[in-house]
Amino acid sequence: MCGIVGYIGKKNAIKVALEGIKRLEYRGYDSSGIVGFHSDLSHPFLKKSVGKIASLEEKLSSIPNASCAIAHTRWATHGEPTVANAHPHHCCNKRIFVVHNGIIENHEFLKGVLSREGHKFISATDTEVLAHLIERGLGLGSLEDTVRDALRHVTGTFGIAVIDSQNPHVLVAARRGSPLLVGVGNDEYFVASDAAAVVNHTKKVIYLNDNEMVVLTPDGFDIFDFSKKKLNKTIDTIDWDIEESKKGGFEHFMQKEIFEAPQVVKNTIGGRIVYKDGEVKLGGLEPVEERLYNVNRFVIVACGTSYYAALVGKYLFEEYARVPVEVEHASEFRYHSLPLDKNTAVIAISQSGETADTLEAIKEAKRKGLLTLGIVNVVGSTIAREVHAGVYNHAGPEIAVASTKAFISQLVVLALMAVYIGRMRLLTSEQAKVILADMLALPDKIVKILKQDAQIKAMAGRYKKFPNFLYLGRKYSWPVALEGALKLKEISYVHAEGYPAGEMKHGPIAVIDKDFPSVVIALRDSVYDKTLSNMQEIKARRGKIIAICENGDKETGNHADDVIFVPKVTEAISPILSVIPLQLFAYHMAIARGADVDKPRNLAKSVTVE
Ligand code: G6P
């Protein structure tokens, strides 16, 4: 949902900021822009472009030297993706430039006031009011004071970076509701929406909280709250490397991330399973262990792929921890009167840790006095810092918009948590050992699935012409069906619906014919016979079937047109395996249909608007 970067220092600021937004392109890519100053430049160097950042780069054939720059990659909320609506936005006399991530909710009102005062607006964005509001206060104090004062009039969310062409040695940035961090280098300083933009320059970062601002100069930085109080904040160290955010020989980030699954599972499990005792160690939950003993109900809130992981979590927690679980779309959590008592705990699942709906759900749960837990991949992200306690995924940076490895790691964390909470209750060490042993064996099993990549690619070639797909699964495989359908929709723009297999006869079966294929997860699990009946129902209507079956199953394939095999594993963690062929299928379908896999149209990886 838009990425912002600002730089002040000795390197060419325009080049550094441009490189930074390229690493944030996953946050939005419908248009982009950059502005830079240097005391030797008579005018600010401003360039904007519609489309991916590559088109902005093409416009930057000669880049002047600049000591200070801000840049933006956009995912449109207010105003179409046009050059006029692309950031940076500026005030009437092109003195103040602003990049913004978030939504200024009272922009219509502010625009009215400012227009009546004579300010001229040239875009259809909410952001432009910020530039004019700041311009209006110029001369009354420092840039920092002026920005602070302007923000007093604003409602909504923002992560902003502001520069003043008449004062090229200062960059001011502020946040409320949208992520922002400060990168601390040697005589160079950054602001960015995400550490990916700065990690090749520095690993030292400071995460800003809501209602905090930073003033960067070539000599250092100061952080204040909005009441002007100077803050002493901790400097965190990023624990991953730039190499992890590169494609590493793969064609696409999505492909690379699917193939990382074996290592991701190892990293997520790493040091957390004490097999001999049938125990799980989750350091992040230890501070709330006492409270967890008393929890009698969990509500899991999440969006998109993380929501489907939550559905698997429900089955896992209910089976292994014997605690009832409800799963809520985070965007709906606040809108109904869910009766909650003090023994309900709310778990947020979020890869990015920045999804606005999930964050708001957690804030609501905290307001109600509930224990909140996070399952988050991005260390130091807003949700990770907002919850009382949590478990990090350790999946490493996920760059492709369509989530794959993060989903795998979320399922692993949920299984670990189910055992951890189960062992506080009735789950015996021996019962725990069964699932834990299977978890430890997952990486090798995933490798076997990935070896079928060429076969899945060939299959996608055969199915690429079909415009609709139905994905079916029961029990643990139902969320897998939902996730498989979502992957296909997201990146290949093929319509796909996920359904609990048993529900097929209550509607979806009406659409089945020879041109409407189904993907059925038909493992030899506790619901196998019933799923097999559903496959027969499809076949009776001449529907094509792609079946995900267990290794060694010679029978189920007879009811399918194509089969992909996955190794046998405890049912509760079977989604970790069965989803992988579906991720690969979606990937190859998208390629076969000529879609941009890593940057699907209309989507953004991190959705920081509600
Ligand atoms: C966006 C992304 C999805 C992701 C969802 C939730 O819609 O495109 O891939 O699953 O947000 O994101 P989160 O970071 O909270 O897991």
Side-chain angles (χ1 to χ4, degrees), residues 244 247-273 275 305-306 308-309 312-313 316 351 375 377 393-400 402-416 418-419 434-457 459-460 473 476-477 479-481 483-484 486-487 519 521-525 546-553 563-588:
E244 291 185 54
K247 280 187 207 150
F250 286 91
E251 283 281 299
H252 298 97
F253 280 112
M254 181 179 177
Q255 186 188 29
K256 176 192 171 218
E257 288 161 6
I258 297 172
F259 275 81
E260 276 178 89
Q263 191 56 43
V264 164
V265 172
K266 280 185 199 158
N267 294 349
T268 306
I269 287 177
R272 288 169 164 171
I273 292 181
Y275 180 73
T305 292
S306 301
Y308 295 145
V312 178
L316 269 162
Q351 186 288 129
I375 298 175
N377 190 35
N393 295 35
H394 298 316
E398 190 179 64
I399 309 290
S403 181
T404 53
K405 67 172 180 173
F407 181 71
I408 300 286
S409 68
Q410 287 164 347
L411 299 181
V412 173
V413 171
L414 285 161
L416 291 171
V419 174
V434 176
I435 181 170
L436 294 178
D438 264 14
M439 288 181 74
L440 290 166
L442 282 170
D444 291 340
K445 295 188 173 179
I446 296 174
V447 170
K448 291 195 177 114
I449 301 172
L450 294 171
K451 285 192 176 141
Q452 296 173 77
D453 184 47
Q455 181 202 331
I456 296 171
K457 182 178 176 184
M459 203 173 80
Y476 282 103
S477 297
V480 178
E483 174 61 7
L486 177 67
K487 284 287 90 75
V519 178
I521 301 120
L523 307 177
R524 291 274 178 168
D525 53 16
I546 298 172
I548 310 297
C549 299
E550 262 173 31
N551 280 352
D553 178 351
V563 187
I564 307 165
F565 290 99
V566 295
K568 184 161 186 62
V569 74
T570 299
E571 183 175 13
I573 51 171
S574 65
I576 299 170
L577 300 183
S578 56
V579 77
I580 291 174
L582 305 188
Q583 294 173 340
L584 286 170
F585 181 64
Y587 171 76
H588 289 300

Is a side-chain N or O of [X] found less than 3.5 angstrom from the main chain of [Y], in a donor-acceptor match?
{"X": "K256", "Y": "G249", "result": "no"}
{"X": "E550", "Y": "L523", "result": "no"}
{"X": "E398", "Y": "A406", "result": "yes"}
{"X": "D438", "Y": "T570", "result": "yes"}

To the closest 0.5 Å, what do you measure between [atom1] ([X]) and [atom2] ([Y])?
{"X": "T404", "Y": "L582", "atom1": "OG1", "atom2": "CG", "answer": "12.5 Å"}
{"X": "Q452", "Y": "I564", "atom1": "CD", "atom2": "CD1", "answer": "7.0 Å"}
{"X": "I456", "Y": "K451", "atom1": "CD1", "atom2": "NZ", "answer": "13.5 Å"}
{"X": "Q583", "Y": "E483", "atom1": "CD", "atom2": "CD", "answer": "6.5 Å"}
{"X": "F565", "Y": "L577", "atom1": "CZ", "atom2": "CG", "answer": "14.5 Å"}
{"X": "L411", "Y": "L442", "atom1": "CG", "atom2": "CG", "answer": "10.0 Å"}

Compare all side-chain heavy atoms of [X] with those of [Y] and state whether any distance is below 4.5 angstrom.
{"X": "I521", "Y": "V579", "result": "no"}
{"X": "I449", "Y": "S578", "result": "no"}
{"X": "L486", "Y": "Y308", "result": "yes"}

Residues I548 and P581: closest non-hydrogen pair is CD1-CB, 4.0 Å

Between K405 and Q410, is a side-chain contact (heavy atoms from CB on, under 4.5 Å) present by the stated rule, with each step listed? CA-CA 9 Å; K405 67 172 180 173; Q410 287 164 347; over 6 Å; no

Would you say the ring centroid of F259 lies under 6.0 angstrom from that of F250? yes

Could you walk me through whether T305 and Q351 pass the side-chain hydrogen bond (donor to acceptor under 3.5 Å, both in side chains) test, one step at a time? CA-CA 9 Å; T305 292; Q351 186 288 129; over 6 Å; no

Option among I408, V566, D453 that satisfies the side chain to side chain contact (heavy atoms under 4.5 Å, CB included) test with I580: I408

Applying the side-chain hydrogen bond (donor to acceptor under 3.5 Å, both in side chains) criterion to S409, which one of N377, N267, T268, N393 satisfies it? N393

Measure from NZ or CZ of K487 to the centre of the six-membered ring of F585, then state whether that distance is under 6.0 Å and the direction lies within 45° of the axis. no

For S477, check side chain to side chain donor-acceptor pair (under 3.5 Å) against everything at least two apart and list the hits. none

